[in-house]
There are 2 protein chains.
Amino acid sequence: MATLKDIAKHANVSTCTVSRYLNSNIVVKKETEVRIEEAIKKLGYVPNIIAKSLKQQETSNVAVILPKLNHLYYSEVTSGISQTLAEHHYNIFIYEVDNLHLDEEGIMNLMRENMVAGIVFIGLFPDTSFQEKIKEVFLGWKIPVVYTNRCIPYDGFPLLYPNLVKASKIGTEHLIKRKKEKIAFMHKPLPKDLLNQFLKGYREAINRDHEPLFIEISDDKNVNKEYVQKLIEHQINGVFVLDEKSAVYLTKTLAKSNIQVPYDIAVLSLGNSLISEISTPELTCVDLQNRVLGQKSAEIILNQILNKTFEDVTVLEPFIVEREST
Amino acid sequence: MATLKDIAKHANVSTCTVSRYLNSNIVVKKETEVRIEEAIKKLGYVPNIIAKSLKQQETSNVAVILPKLNHLYYSEVTSGISQTLAEHHYNIFIYEVDNLHLDEEGIMNLMRENMVAGIVFIGLFPDTSFQEKIKEVFLGWKIPVVYTNRCIPYDGFPLLYPNLVKASKIGTEHLIKRKKEKIAFMHKPLPKDLLNQFLKGYREAINRDHEPLFIEISDDKNVNKEYVQKLIEHQINGVFVLDEKSAVYLTKTLAKSNIQVPYDIAVLSLGNSLISEISTPELTCVDLQNRVLGQKSAEIILNQILNKTFEDVTVLEPFIVEREST
DNA sequence: TTGTAGGCGTTATCAC
DNA sequence: GTGATAACGCCTACAA
């Protein structure tokens with residue numbers, strides 16, 4: 001494989017002339033340029049980024065760390081990241097933590113070993129011990145970090161997440177607008193602080209004399225008649241479901257119970273992926289702007305790398321996508 | 001950041017002792033080991049893979065090149081790749097070609113620049129001009145390559161795909177077993193060679209006096225009543241749909257037309273993602289083993305890297321997953 | 001068992 | 001405008 005040296009020799013100039021020409025650091029004589037270009041073409045020269053990275057002590061690789069890729073949420077966010085990074089000629093490493101068999105320390109060492117230019121954590125590591133590790137990386141080793149989609153208080157490194165309080169609020173308001181005033185919340189097991197945010201938005205929207213009904217779906221189950229029974233008992237006519245898959249299974253179960261969606265009970269889900277779109281009936285939902293989330297995450301990483309300013313906390317505004325289920 | 005040199009100095013040994021100790025090339029005196037370990041811990045040493053890669057002229061980064069990540073098919077295959085590669089401590093680069101704004105030459109140069117250890121192409125580049133480029137990379141520059149999920153004749157580089165003829169055959173057979181003998185094929189626009197494979201499997205399964213009905217769905221449309229009308233005209237009672245999303249929209253449209261699935265018309269889709277699972281009714285489908293496809297793709301790359309033997313062509317066997325739509 | 005030194009392909013600091 | 005030379009951090013012959 002041809003190297004810079006080979007090009008230099010072939011073009012009768014020094015390596016540094018070639019290097020500077022390629023990086024547009026200097027203007028070279030037209031004649032020199034021609035000879036260099038010719039040599040590059042003839043020898044099929046391609047620069048070696050590894051050598052460059054070693055010399056410059058920085059790579060153009062950004063790591064994305066997430067639980068799993070084969071999920072519409074994560075792949076959408078990641079695709080957004082990938083899009084923005086590609087525009088700036090950065091490469092993207094994917095790490096699925098479940099596959100890594102590494103503890104937090106191991107993951108961080110992996111990042112350092114590979115000299116990644118930045119790290120995007122997506123919705124991960126609820127425990128605070130890891131936050132300390134991330135802070136260490138961010139503050140100590142000065143690796144740009146973004147924490148995407150964990151709604152935690154600001155703690156020294158940039159955060160980026162959707163406004164969950166508002167998501168919950170506009171979702172609830174939408175149901176109320178559809179004359180569904182007895183509204184239940186359905187959700188898979190969830191950290192308490194998250195749940196509190198949803199509760200807050202819900203409270204802001206709801207009539208104060210309406211007793212909220214929170215229904216937690218076991219992690220090992222889908223929504224079934226048992227859950228629908230609860231809805232009936234409480235004379236619920238609107239349900240806000242915190243994940244799309246559960247929302248789908250809810251509508252399925254309602255249909256089997258001869259309960260009409262949205263006439264008897266309206267269903268609104270959080271998250272607007274293909275799932276909501278293809279469900280029967282198609283689900284009205286709160287769009288959390290997943291792709292934008294990814295794009296902005298990448299932007300914040302890039303701004304850090306390029307020493308530009310960036311927001312400590314970026315909050316995305318959710319919006320309603322109306323379909324058939326409300 | 002501490003380097004090997006620092007460790008060596010701190011432990012009062014030479015860099016090469018440390019290096020060889022770390023790479024388990026030699027056994028060192030217990031005492032030396034202790035001193036080295038102590039230095040590593042004290043200085044927080046992490047090896048620099050970039051420098052290592054430069055020296056060894058090889059990286060442990062494998063590139064996955066695909067059209068888009070935010071799709072259940074691609075993300076599932078990629079997750080499989082990621083899983084197997086992670087087990088062998090390889091990193092994975094993701095390149096979404098739509099975002100790259102690079103022609104084939106540009107993509108290949110990117111691979112060389114980054115000195116990737118291998119490349120997995122997933123379902124891409126139907127035109128043969130690019131096949132030539134890939135062959136050049138594979139044979140000329142000796143970068144391990146796998147071509148995943150393009151059912152083309154063997155042409156010098158390893159191929160890996162599901163048995164589409166069989167997929168089509170067992171799908172058709174399943175419909176026949178359910179007493180649905182007037183079977184239509186529905187599909188989005190498709191390269192002719194692919195279509196021929198499906199046709200072949202179909203022919204092997206079907207009664208010879210049954211005239212096949214192929215329905216192509218416009219790229220800009222979902223299945224609608226117009227298509228259902230065709231089914232009725234031809235007295236179809238079973239449909240084999242070549243993509244899950246279309247299958248879902250077909251069942252939706254059938255429901256709206258008061259046609260019962262599976263009683264009046266059975267529907268069977270190709271591909272077993274979450275989409276088939278959550279559709280109403282849940283779709284019987286042909287599982288193409290997407291995750292396994294990814295895993296095996298990674299294995300073939302690894303075998304090439306490690307100079308082990310590997311199959312030129314690997315064909316995966318599809319199987320039926322029975323749900324409610326047949 | 002351990003040390004010395006050269007080089008992987010680049011860029012950067014000088015000097016000319 | 002251009003060139004020589006020294007790094008970047010690691011591995012590895014070869015030497016001791």
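Not measured: the values here are computed from a predicted model. Residue numbers begin at 1 in each chain, while the letters A, B, ... track the order of the sequences.
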Q. Any side-chain N or O of B:S19 less than 4.0 Å from the OP1 or OP2 oxygen of D:dC10?
A. no
Q.
Counting only side-chain heavy atoms from C-beta out, which of D:dA7, D:dC10, C:dC8 sits nearest to A:K55?
A. D:dA7
Q) Of the nucleotides D:dG3, D:dA13, D:dC10, which has the atom closest to the B:P47 side chain? A) D:dC10
Q: Take atom CD of B:Q57 and atom P of C:dC8, then tell me their distance rounded to the nearest Å.
A: 8 Å
**Q.** Any B:N23 side-chain nitrogen or oxygen under 4.0 Å from OP1 or OP2 of D:dC11
**A.** yes
Q) For A:L54 and C:dT11, what is the distance between atoms CG and C1' respectively, to the nearest whole Å? A) 10 Å
Q: Identify which nucleotide among C:dT10, C:dT4, D:dC10 has an atom closest to any side-chain atom of A:A51, counting heavy atoms from C-beta outward.
A: C:dT10
Q.
Is A:Y45 close enough to C:dT10 that one of its side-chain N or O atoms is under 4.0 Å from OP1 or OP2 there?
A. yes
Q. Backbone N or O of A:Y73 within a donor-acceptor pair of the A:H71 side chain at under 3.5 Å?
A. yes
Q | Check: B:L69 main-chain N/O paired with B:E96 side-chain donor or acceptor under 3.5 Å | A | yes
Q. Whole Å only: how far is the NZ atom of B:K5 from the P atom of D:dT12?
A. 18 Å
**Q.** Whole angstrom value for the distance that separates P of C:dG9 from NZ of A:K9
**A.** 12 Å
Q: Specify whether B:F138 and B:F157 have parallel, tilted or perpendicular ring planes, treating 30° as the upper limit for parallel and 60° as the lower limit for perpendicular.
A: perpendicular
Q: Could you state the atom-to-atom distance from CZ of B:R112 to C1' of C:dG9 in whole Å?
A: 14 Å
Q | Modelled atom types, side-chain donor and acceptor of A:E76 and B:N70, under 3.5 Å | A | yes
Q: Would you state whether a donor and an acceptor, one from the side chain of A:R20 and one from the base of D:dG1, lie under 3.5 Å apart?
A: no
Q) Contact class for A:L4 vs. all strands (heavy atom < 4.0 Å): base, sugar-phosphate, or nothing? A) base
Q: Report yes if a side-chain nitrogen or oxygen of B:T32 is closer than 4.0 Å to either non-bridging phosphate oxygen (OP1 or OP2) of C:dT2; otherwise report no.
A: yes
Q. Is A:S14 near enough to D:dG3 that one of its side-chain N or O atoms lies under 4.0 angstrom from OP1 or OP2?
A. yes
Q. What is the distance from CD1 of A:I7 to P of C:dT10, rounded to the nearest Å?
A. 9 Å
**Q.** Any donor-acceptor N/O pair, B:Q289 side chain to B:E317 backbone, under 3.5 Å
**A.** yes
Q | d(CD, A:E58; P, C:dA12) in whole Å | A | 10 Å
Q | Rounded distance (Å) that lies between atom P of D:dG9 and atom CD of A:Q56 | A | 13 Å
Q) Reckon A:N12 touches a base, only the sugar-phosphate, or nothing at all at heavy-atom distances under 4.0 Å? A) sugar-phosphate
Q. How would you label the contact of B:T3 with the nucleic acid (heavy atoms, under 4.0 Å): base, sugar-phosphate, or nothing?
A. sugar-phosphate
